[in-house]
Amino acid sequence: MTVDDENEGGTPEPPTYPTPHHEVDHTAEPSDDPLAIRLEQLILGADRRYTPFQAARTAGVSMELASRFWRAMGFADIGQAKALTEADVLALRRLAGLVEAGLLSEPMAVQVARSTGQTTARLAEWQIDSFLEGLTEPPEPGMTRTEVTYPLVELLLPELEEFLIYVWRRQLAAATGRVLVQAADDEEMVDRRLAVGFADLVGFTRLTRRLEEEELGELVEAFETTCADLVAAHGGRLIKTLGDEVLYAADDAGTAAEIALRLIETLSHDETMPALRVGIAFGTVTTRMGDVFGTTVNLASRLTSIAPKDAVLVDGALAEELSRTGEAPVSETAAAEDAARAEKEGREPARYRFALQPMWQRPVRGLGVIEPWLLTRRPTQGLSGGSGRA
C-alpha cells in the first residue's frame with residue numbers, strides 16, 4: 001500500500017513505492033458512503049485513524065516493508081487516504097516482530113501474509129456473494145440491502161469469527177500431524193511422496209453453451225460440493241477446485257484410489273452430471289502455500305486428459321504401490337493362480353480392493369513415454385466398479 005505523508009509543517013513527502021507490473025492509481029479513495037463506513041467500523045471494530053505512512057511509522061516498520069505486507073495480503077494501494085485502524089498497526093507490528101525475533105525470515109513473513117490474504121479473500125467473497133445475499137432480502141418496501149445487512153452482520157460476526165478460528169486450529173493440527181509425524185526426514189517435510197489426483201468433467205465447455213448461468217452455477221456448486229465431501233470423508237485433502245476440475249492429494253495410494261472410484265461411482269449415478277474422468281500419479285511432490293507442484297502433478301493432469309469417460313487412469317508408480325501394499329494383485333494371472341492354489345489347499349485366497357489393467361503406452365510431451373493403468377474395483381468386493389450411465 002503506497003502512500004505519501006500529509007506534508008504537515010513542511011515535512012518532505014516520503015517516497016512512494018509503486019506496485020510492480022501495473023500502474024497504481026494513487027487517487028483511489030475508500031468508500032465514504034455513511035452506511036458503508038458504519039459496516040466497515042462494525043466489522044473492523046475500530047475507526048479510520050491512520051494513513052498508510054502513519055500506520056507504518058506507528059508500527060515501527062519501514063514504508064517499503066509495510067507496502068510489501070499489505071500488497072501480499074491483497075489490499076489495494078490507497079494513496080494518502082486516512083483509512084487504517086489500530087488493528088492494521090498491530091498486524092504490521094506483529095509480522096515485523098516475528099522477523100526481528102528471527103522466528104520468520106522476511107520472505108517467509110511476506111509468504112504468510114500472502115497465503116492468509118488469498119485464502120481469507122476467497123472466503124470473504126463467498127460469504128458476501130452467496131451467504132449474505134440470500135439473507136439480506138429487504139423485508140419491507142423502501143429498505144435497502146445495506147440497511148438489512150448491518151444488524152445481520154452484527155449478530156453473525158462474532159459467531160463466524162469463532163467458527164473460523166476453530167476450523168483453522170483444527171486444520172492446522174491435522175496438517176502438522178501429517179507433515180511432522182509422517183515425514184521420514186527434514187527434506188520430506190517440503191518434498192513429499194504423495195498420491196495426486198485430478199477429477200475432470202467431460203465436455204464441460206460444450207455444456208456452458210447450453211446451460212443458463214444459474215443452471216451452470218448450480219452444477220458447478222453440486223460438483224465441487226460432492227467432490228469436497230467425498231475427498232474429506234475418505235481421508236484425502238482437496239487442494240483446489242477449478243470449476244469443472246478438482247485437484248486432491250492423499251498420503252497413500254490406496255486412499256487416492258478409493259476416492260477416485262467413489263467419485264466415479266457417485267457422479268455416474270447423477271443424471272444431471274456430465275461424465276467424469278480421473279487421473280492419479282504417485283511420487284515426490286513439492287508443496288507451497290497449500291498447493292502442490294512438480295512432475296507428479298503434471299503427470300496426473302495428463303492422465304486425466306487421456307482417461308476414458310467414467311474411468312480412472314493411474315501411473316506405473318501408483319500401480320506398483322498398490323501391489324506393494326497388497327491392495328491390488330501384481331497381475332490378474334498371478335491372482336487367479338493364487339486363488340486356485342488356495343482352493344486346493346483349503347485356505348482363503350488373498351483379497352484385494354482394486355484391479356489394475358495395463359493400457360497402451362503413449363508418448364506424453366515433456367514426460368516421455370508413459371504406460372497408464374486402468375484402475376477398477378475388484379468385482380467381488382465393495383461397490384460395483386461399473387458406471388451407472390446408459
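Of all the heavy atoms in A256 and A195, the pair that sits closest is CB-CB, 3.4 Å. For the residue pair L92 and A56, the shortest heavy atom distance occurs at CD1-CA, 4.0 Å. Between T325 and L322 the shortest heavy-atom distance is OG1-O, 3.2 Å. Summarising the geometry of F223 relative to M273, their closest heavy-atom pair is N-CE, 3.4 Å, with the distance given to 0.1 Å. Closest non-hydrogen pair, L238 versus A228, comes out as CD2-CB, 3.8 Å. The two residues S62 and L65 make their nearest non-hydrogen contact at OG-N, 3.1 Å.
Q54 contributes a side-chain N or O that, together with a main-chain N or O of T51, makes up a donor-acceptor pair within less than 3.5 Å. Distance alone, capped at 3.5 Å, is enough to place a donor-acceptor pair between the D315 side chain and the F282 backbone. A donor-acceptor pair under 3.5 Å is formed between the side chain of S268 and the backbone N or O of E265.
Listed by chain and residue number, nothing satisfies the side-chain hydrogen bond (donor to acceptor under 3.5 Å, both in side chains) test with Q357 (two or more places apart in sequence, or in another chain). Applying the side-chain hydrogen bond (donor to acceptor under 3.5 Å, both in side chains) rule to T266 yields no partners; only residues at least two apart in sequence or on another chain are considered. Judged as a side-chain hydrogen bond (donor to acceptor under 3.5 Å, both in side chains), and not counting sequence neighbours, D244 has no contacts. Residues satisfying the salt bridge (charged side-chain N to carboxylate O under 4.0 Å, His left out) criterion with E320, sequence neighbours excluded, are absent altogether. For the salt bridge (charged side-chain N to carboxylate O under 4.0 Å, His left out) test, no residue two or more places apart in sequence or in another chain qualifies with R362. With sequence neighbours left out, the salt bridge (charged side-chain N to carboxylate O under 4.0 Å, His left out) criterion links R324 to E321. Every residue meeting the salt bridge (charged side-chain N to carboxylate O under 4.0 Å, His left out) condition with E86, not counting sequence neighbours, appears here in chain and number order: R49. By the side-chain hydrogen bond (donor to acceptor under 3.5 Å, both in side chains) test, E348 is found to be paired with R351, residues two or more places apart in sequence or in another chain being considered. Checked against side chain to side chain contact (heavy atoms under 4.5 Å, CB included), E245 has the following partners two or more places apart in sequence or in another chain: F198, D200, L242.
Between T304 and V278 there is no side-chain heavy-atom pair separated by less than 4.5 Å. Considering only heavy atoms from C-beta on, V314 stays 4.5 Å or farther from P372 through its side chain. At a threshold of 4.5 Å between non-hydrogen side-chain atoms, the residues P308 and R277 do not count as touching. Between L123 and L164, some side-chain heavy-atom pair lies under the 4.5 Å cut-off. Side-chain contact between R48 and I37 is present, with at least one heavy-atom pair separated by less than 4.5 Å.
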**OP:** Go through the steps for L201 and L276 under the test side-chain contact (heavy atoms from CB on, under 4.5 Å), then give the verdict.
**Re:** CA-CA 5 Å; L201 291 175; L276 186 71; 4.0 Å; yes
**OP:** Go through the steps to decide whether L219 and F204 satisfy the test side-chain contact (heavy atoms from CB on, under 4.5 Å), and finish with yes or no.
**Re:** CA-CA 10 Å; L219 185 144; F204 184 77; 4.1 Å; yes
Original post:
Which is it for V89 and L84 under the side-chain contact (heavy atoms from CB on, under 4.5 Å) test, yes or no, and what are the steps along the way?
Top reply: CA-CA 8 Å; V89 172; L84 303 182; over 6 Å; no
**OP:** I would like to know whether L261 and F354 meet side-chain contact (heavy atoms from CB on, under 4.5 Å); could you show each step before the answer?
**Re:** CA-CA 10 Å; L261 291 175; F354 310 111; 3.6 Å; yes
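With rounding to the nearest 0.5 angstrom, the CD1 atom of I280 is 9.0 Å from the CG atom of L303. One finds the NE2 atom of H234 at 6.0 Å from the CD atom of E258 (value rounded to the nearest 0.5 Å). Note that the CD1 atom of I264 and the CG atom of L375 stand 10.0 Å from one another [nearest 0.5 Å]. The structure places CG of L172 at 13.0 Å from CD1 of I165, a figure rounded to the nearest 0.5 Å. To the nearest 0.5 Å, atom CZ of residue R237 and atom CG of residue L247 are 10.5 Å apart. Separation of atoms OG1 (T58) and CG (L90) is listed at 12.0 Å; rounding is to 0.5 Å.
Each side-chain hydrogen bond (donor to acceptor under 3.5 Å, both in side chains) pair with one or both residues in residues 290-302, not counting sequence neighbours, appears once here: K240-D291. Screening residues 88-106 for side-chain hydrogen bond (donor to acceptor under 3.5 Å, both in side chains) gives R68-E106, T85-D88 as the qualifying pairs, with residues at least two apart or on separate chains.
Just one of L230, L263, V196 meets the side-chain contact (heavy atoms from CB on, under 4.5 Å) condition when paired with Y248; it is L263.
Both L374 and I306 belong to a single network of hydrophobic side chains, linked directly or stepwise wherever heavy atoms of I, L, V, M, F, W or Y lie under 4.5 Å apart. A single hydrophobic cluster is not seen to contain both W360 and V369; linkage of ILVMFWY side chains at heavy-atom distances under 4.5 Å, directly or through other members, places them apart. Note on V285: it clusters hydrophobically with I239, by side-chain heavy-atom contacts below 4.5 Å among ILVMFWY residues.
A salt bridge between D251 and R193 is absent, with no side-chain N of the basic residue lying under 4.0 Å from a carboxylate O of the acidic one.
Chaining together hydrophobic side chains whose heavy atoms lie under 4.5 Å apart places V167 alongside F163, Y166.
The number of heavy atoms from other shown groups lying within 6.0 Å of CZ (R347) is above 12.
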